[in-house]
Student: 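Sharing a structure, written as structure tokens. Questions coming.
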Amino acid sequence: MESKEIKNLITLMAKIPGLGPRSARRSVLNLIKNPEKLMLPLAKALIQVSENIKLCSICGNIDSDHICGICKDDKRDKKIICVVEDLTDLWALERSNTYKGCYHILGGVLSAIDGINPEDLRIKELINNIKENDVEEVILATSATLAGQTTSFYITDLIKDMNVTVSRLAQGIPIGGELDYLDDGTIGAAIDSRKILNSK
Ligand SMILES: [Zn+2]
């Protein structure tokens with residue numbers, strides 16, 4: 001059997017989403033086998049990140065300062081705000097390297113079942129940001145789930161009188177996706193958000 005310390009580490013690792021007990025045990029074994037290259041640097045990195053992370057007071061991004069690198073960047077368009085559910089969505093959009101506006105992280109989606117109401121999300125902050133920065137466009141990038149759509153409708157309704165353009169990310173066929181393999185909902189969404197290439 002594992003020692004008490006190792007057991008504790010496995011229990012903690014198993015709480016990380018996507019790991020689970022079996023993967024946690026394997027990961028811990030891997031750490032133990034590589035103390036210098038992996039375990040100590042990881043422990044150090046965990047402490048460093050936990051001591052230095054701060055929530056951006058404007059967009060809710062996580063960075064080492066109270067105003068994040070994106071909000072500080074003069075090259076980013078402050079008049080366009082992309083509303084996302086979580087930090088991982090912001091990271092995904094940043095990886096695409098195409099978006100040059102700013103963000104607003106909601107911190108989740110509305111869900112009656114889970115008891116998540118508008119006041120549990122950073123919606124008030126979004127309204128303040130739109131007002132204070134004379135935002136011209138809000139891009140809704142919540143997920144295509146029922147909760148994501150509900151949140152998107154809620155925000156659209158809330159800001160409809162605010163003189164701001166509201167758009168949402170196109171949904172549909174993934175790059176490399178074959179029609180025959182896609183579900184009806186995806187194909188329907190792709191038709192609805194089709195793009196005119198050459199109008200007569
Ligand atoms: Zn920010």
Side-chain angles (χ1 to χ4, degrees), residues 12 15-19 41-112 114-172 174-175 193:
L12 286 171
K15 288 182 181 168
I16 298 174
L19 269 190
L42 178 69
K44 220 182 254 175
L46 285 172
I47 291 170
Q48 263 171 357
V49 171
S50 72
E51 283 175 349
N52 291 306
I53 49 168
K54 291 188 178 76
L55 197 71
C56 174
S57 58
I58 301 171
C59 73
N61 187 9
I62 286 172
D63 209 328
S64 53
D65 201 354
H66 285 297
I67 306 285
C68 77
I70 295 173
C71 288
K72 259 189 213 159
D73 189 345
D74 289 339
K75 290 194 232 37
R76 308 289 298 227
D77 192 345
K78 308 277 185 299
K79 306 280 180 197
I80 305 176
I81 293 180
C82 183
V83 178
V84 293
E85 290 173 22
D86 249 313
L87 189 57
T88 48
D89 304 320
L90 182 155
W91 288 340
L93 283 155
E94 282 300 287
R95 277 200 304 274
S96 76
N97 234 329
T98 46
Y99 179 62
K100 295 291 169 244
C102 289
Y103 292 94
H104 188 87
I105 299 175
L106 291 172
V109 276
L110 296 173
S111 167
D114 299 321
I116 299 172
N117 301 306
E119 57 273 20
D120 299 316
L121 304 176
R122 300 182 62 257
I123 291 179
K124 209 171 61 209
E125 289 86 343
L126 173 66
I127 305 295
N128 289 342
N129 190 350
I130 295 171
K131 281 185 197 158
E132 280 168 23
N133 293 306
D134 291 319
V135 169
E136 286 165 5
E137 183 178 356
V138 169
I139 304 170
L140 296 167
T142 51
S143 55
T145 58
L146 183 64
Q149 305 267 37
T150 306
T151 311
S152 162
F153 288 139
Y154 179 83
I155 295 172
T156 307
D157 192 55
L158 204 63
I159 62 178
K160 67 175 189 291
D161 298 324
M162 287 185 75
N163 194 29
V164 59
T165 301
V166 183
S167 61
R168 68 159 300 132
L169 288 190
Q171 295 164 353
I175 305 264
S193 54

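In each ligand, atom 1 is the first atom listed, and ligand 1 is the first ligand listed.
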Student: Closest approach of I139 and L169, non-hydrogen atoms and distance?
Tutor: CG2-CD2, 4.0 Å
Student: Do C56 and D63 have side chains that approach each other closer than 4.5 Å (heavy atoms only, starting at C-beta)?
Tutor: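 No; the side chains remain at least 4.5 Å from each other.
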Student: Within the 4.5 Å heavy-atom criterion, are N61 and Y103 side-chain neighbours or not?
Tutor: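 The answer is no, as the side chains (C-beta and beyond) never meet within the 4.5 Å cut-off.
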Student: Find out whether D86 and D89 are in side-chain contact, i.e. whether some heavy atom of one side chain is under 4.5 Å from a heavy atom of the other.
Tutor: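 A side-chain contact under 4.5 Å exists here.
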Student: Listing residue and atom name, which protein N/O/S atoms are closer to the Zn ion (ligand 1) than 2.8 Å?
Tutor: C56 SG, C59 SG, C68 SG, C71 SG
Student: Answer yes or no: is there a side-chain heavy-atom contact under 4.5 Å between K72 and D65?
Tutor: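 Side chain of K72 against side chain of D65, heavy atoms only: contact under 4.5 Å found.
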Student: What pairs with S50 under side-chain hydrogen bond (donor to acceptor under 3.5 Å, both in side chains), at least two apart in sequence or on another chain?
Tutor: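 For S50, no residue satisfies side-chain hydrogen bond (donor to acceptor under 3.5 Å, both in side chains) once neighbours in sequence are set aside.
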